[in-house]
There are 2 protein chains.
Amino acid sequence: MSLATARNLDHPEPEAIRLEAVLHALSDPMRLRIVRFLASLPLGEEAACSAIDLVVSKSTTTHHFRVLREAGVIVQVYRGTAKMNRLRREDLDTLFPGLVDTVLDADTRQRERAD
Amino acid sequence: MSLATARNLDHPEPEAIRLEAVLHALSDPMRLRIVRFLASLPLGEEAACSAIDLVVSKSTTTHHFRVLREAGVIVQVYRGTAKMNRLRREDLDTLFPGLVDTVLDADTRQRERAD
DNA sequence: ACCGTAGTACGTCGGTTATCGTACTAGCGC
DNA sequence: GCGCTAGTACGATAACCGACGTACTACGGT
């Protein structure tokens, strides 16, 4: 089972991903923004934590990415000095079909309604 | 705009319903259970707070129903000594199409996966 | 008028969260 | 090796949250 060494981060197995945790992870504006950004990337593409400019400190950024990873929403891997992130689309779509898309669509509608 | 008198509870207008607040409201197991219960009722049917047996104190129950109401997930109205609840299906489906159904479906799958 | 049922208000308590700053480590390129 | 960039670890802090108990109100029935 998922073992975390120095440069090997701990991710929940698909079976261990809890809906409540996913919803909670998505219920923070900052994290929803991260997810929206990752979802906007070309399929399979990944991005560094620094690729999106949240307006908070580095440590806060680290924190939000960790919450997303521990909830099972994203995968994080080290690549050289960067830590790359991508959505766990396949896992999430299998576990909770339509959830990610529906939430992203809801988010889009909300911001089109002039946030 | 929504005015709350003694027996008239305060509900957010549809435009004021925030996705983050809805997701947060749904991210608690107790509240998700309430929503699942209300969603299982025949269309337009409503239920008293006491109709579902959460295993917590009355005050905690009140608390969770209030969070759901303030997030815009449910409507609460007083009917005699009871306080009746129902899902704001129409509003939610208009604002965030498919969201409620997708979350409920995800919840069903999760509990079928042997909770 | 009294009682029972349904739910509220309020204060508390312990745990979690979001934020920060500071000090640190890991890898890359020169 | 040096320094830059990217991110971590840790500790602090303030806010929030879920749970509780107790004391209360409101309504309906007898």
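Order of the sequence lines sets the chain letters (A, B, ...), proteins ahead of strands, with each chain counted from 1. Note that these values count all heavy atoms, side chains included, but never hydrogens, waters or copies made by symmetry.
Atom CG in A/L54 sits roughly 11 Å away from atom P in D/dG7 (whole-Å rounding). Spacing between atom CD of B/Q76 and atom C1' of D/dA26 amounts to 16 Å, rounded to whole angstrom units. Atom CG of A/L9 and atom P of D/dG7 are 12 Å apart (whole Å). Going from atom CE of B/M84 over to atom C1' of C/dT5 covers 14 Å, rounded to whole Å. For B/D53 and C/dA6, the CG to C1' distance is 14 Å, given to the nearest whole Å. If you measure from atom CZ of B/R66 to atom P of C/dG7, you get 14 Å, rounded to the nearest angstrom. Spacing between atom CZ of B/F65 and atom C1' of C/dA9 amounts to 18 Å, rounded to whole angstrom units.
Annotation for A/V103 and B/L23: closest pair CG1-CD1, 4.1 Å, computed over non-hydrogen atoms. Between B/H64 and B/I34 the shortest heavy-atom distance is CB-CD1, 4.1 Å.
For the residue pair A/N85/A/E46, the side-chain donor-acceptor check at 3.5 Å is not satisfied.
B/C49 places none of its side-chain heavy atoms less than 4.5 Å from the side chain of B/M84.
Using a distance-only test at 3.5 Å, with no hydrogens or angles considered, a donor-acceptor pair links the side chain of A/H11 to the main chain of A/Q76.
Listed nucleotides D/dG7, D/dT5, D/dA9 differ in distance to A/A82; the shortest reach to its side chain belongs to D/dG7.
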What string of B, S and - do you get for nucleotides 14-21 of chain C, 5' to 3', if B is base contact, S is sugar-phosphate-only contact and - is no contact with any protein heavy atom under 4.0 Å?
---SSBBB

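A salt bridge does not link A/D10 with A/R66: none of the charged nitrogens is closer than 4.0 Å to a carboxylate oxygen.
Here A/S50 lies in heavy-atom contact (under 4.0 Å) with sugar-phosphate atoms only.
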